[in-house]
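These values consider heavy atoms only, across backbone and side chains, with no hydrogens, waters or symmetry-generated copies.
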Amino acid sequence: MYKQERIKPYNGTGDKGQLVEEMFDNIADNYDTLNHRLSWNIDKGWRRKAIKALAPYHPCSVLDVATGTGDFAILSARMLHPQKLIGADISEGMMNVGRQKVKAAGLDSIISFQKEDCMHLSFPDNTFDAVTAAFGIRNFQDLDQGLREMCRVLKKGGHLSIAELTEPVHFPMKQCFKLYSHTFLPVYGSIISKDKSAYSYLTATIEAFPQGEQMMGILQKAGFSKVSFRRLTFGICTLYFAEK
């Protein structure tokens, strides 16, 4: 078990998946505002770089895992022009916000949302040309199982692109990030979202989540090959790219 799998929202003792669902349902209405403000809008550039890595392969079918409110899905549809894109998430509250955004963007003929347990995806083997995830896999209650499922539904030769928040590894950004994430981030997050513990949980999972070479090994163990990673903005975000 990885360290972040032991960390649960609300310091709960029940099923982590259910607690994560409850937490994201609770903060869904304010999630986008907080996400962009707390990252100073840099998260938009991170998503763009993760999607740009897929562009040379022209995927026709895309699965966006832990899609949340659909930011990654919407940007993928605009940049990659797939025939279909499915956003999968455990939280209906988050996806309901995403559905409104997709309709407003005129992309509802391409993007659909589906409630899924990412530990047991309902899609057949070898379904998608590309699988993506942004800032969600560290909430998996079983990281190995979730990545195996992402690999299973990906076609042979298909590609995985992940953007995930990570703790910087070098001085002084490591120390600055720790100060920011333990002071301003949880306080501001609790004021806007009215959920005192959600952003403390998110900070804790960032610090506990495996990254870099360790994450490359985890992806290879899940069945992926040609795995690479790239740190962005002094290591606050890491992009992972792999092939099945």
### Task
Might you work through the side chain to side chain contact (heavy atoms under 4.5 Å, CB included) test for F113 and N96, ending with a clear yes or no?
CA-CA 9 Å; F113 291 90; N96 283 337; over 6 Å; no

Under a 3.5 Å distance rule, please check whether [X] uses its side chain to pair with a backbone N or O of [Y] as donor and acceptor.
{"X": "R152", "Y": "L121", "value": "yes"}
{"X": "Y240", "Y": "G212", "value": "yes"}
{"X": "D129", "Y": "C60", "value": "yes"}
{"X": "T127", "Y": "F123", "value": "no"}
{"X": "K174", "Y": "V169", "value": "no"}

Does any non-hydrogen side-chain atom of [Y] lie less than 4.5 Å from one of [X]?
{"X": "I162", "Y": "L239", "value": "no"}
{"X": "K101", "Y": "T69", "value": "yes"}
{"X": "M94", "Y": "V97", "value": "no"}

### Task
Sequence neighbours left out, what pairs pass salt bridge (charged side-chain N to carboxylate O under 4.0 Å, His left out) with at least one residue falling in residues 82-92?
E92-R99

Where [X] and [Y] come nearest, the two heavy atoms and their spacing:
{"X": "K221", "Y": "Y2", "result": "NZ-OH, 3.2 Å"}
{"X": "G235", "Y": "T166", "result": "O-OG1, 2.8 Å"}
{"X": "E213", "Y": "F229", "result": "OE2-CZ, 3.7 Å"}
{"X": "A73", "Y": "D64", "result": "N-OD2, 3.6 Å"}
{"X": "E167", "Y": "K178", "result": "OE2-NZ, 3.2 Å"}

#### Entry: Residues D125, K155: salt bridge by 4.0 Å N-O rule
no

#### Entry: Salt bridge present between R138 and E5 (N-O < 4.0 angstrom)
no

### Message
What verdict does the side chain to side chain contact (heavy atoms under 4.5 Å, CB included) test give for T238 and M215, after you've listed the backbone C-alpha separation in whole Å, the side-chain angles of each residue and the deciding distance to 0.1 Å?
### Response
CA-CA 10 Å; T238 303; M215 188 62 189; over 6 Å; no

### Task
Answer yes or no: does atom CZ of R6 have more than 12 heavy-atom neighbours from other residues, nucleotides or ligands under 6.0 Å?
yes

### Message
Using a 6.0 Å cut-off, check whether atom NZ of K115 has over 12 heavy atoms from anything other than its own residue.
### Response
yes

### Query
Does the side chain of N139 come under 3.5 Å of the side chain of K16 through a donor N or O and an acceptor N or O?
no

### Message
Whether the Y31 and D71 side chains hold a donor-acceptor pair (N or O, under 3.5 Å, no angle test) is what I'd like checked.
### Response
no

### Query
If you round to the nearest 0.5 Å, how far is CG of L63 from CD of E149?
10.5 Å

### Query
From E116 CD over to M95 CE, what is the distance, rounded to the nearest 0.5 angstrom?
8.5 Å

### The single option from Q4, H182, K3 passing side-chain hydrogen bond (donor to acceptor under 3.5 Å, both in side chains) against E207
H182

### Task
Could you name each residue pair satisfying side chain to side chain donor-acceptor pair (under 3.5 Å) that touches residues 225-237, not counting sequence neighbours?
W46-T233

### Task
Can you tell me which residue pairs pass the side chain to side chain donor-acceptor pair (under 3.5 Å) test with a partner in residues 104-113, sequence neighbours excluded?
none

### Task
Would you confirm whether the ring centroid of H159 sits within less than 6.0 angstrom of the ring centroid of F241?
yes

### Task
Go through the steps for I137 and E164 under the test side chain to side chain contact (heavy atoms under 4.5 Å, CB included), then give the verdict.
CA-CA 8 Å; I137 63 170; E164 188 53 82; 3.4 Å; yes

#### Entry: Criterion side chain to side chain contact (heavy atoms under 4.5 Å, CB included) on V153 and V131, from CA distance to verdict
CA-CA 8 Å; V153 301; V131 175; 4.3 Å; yes

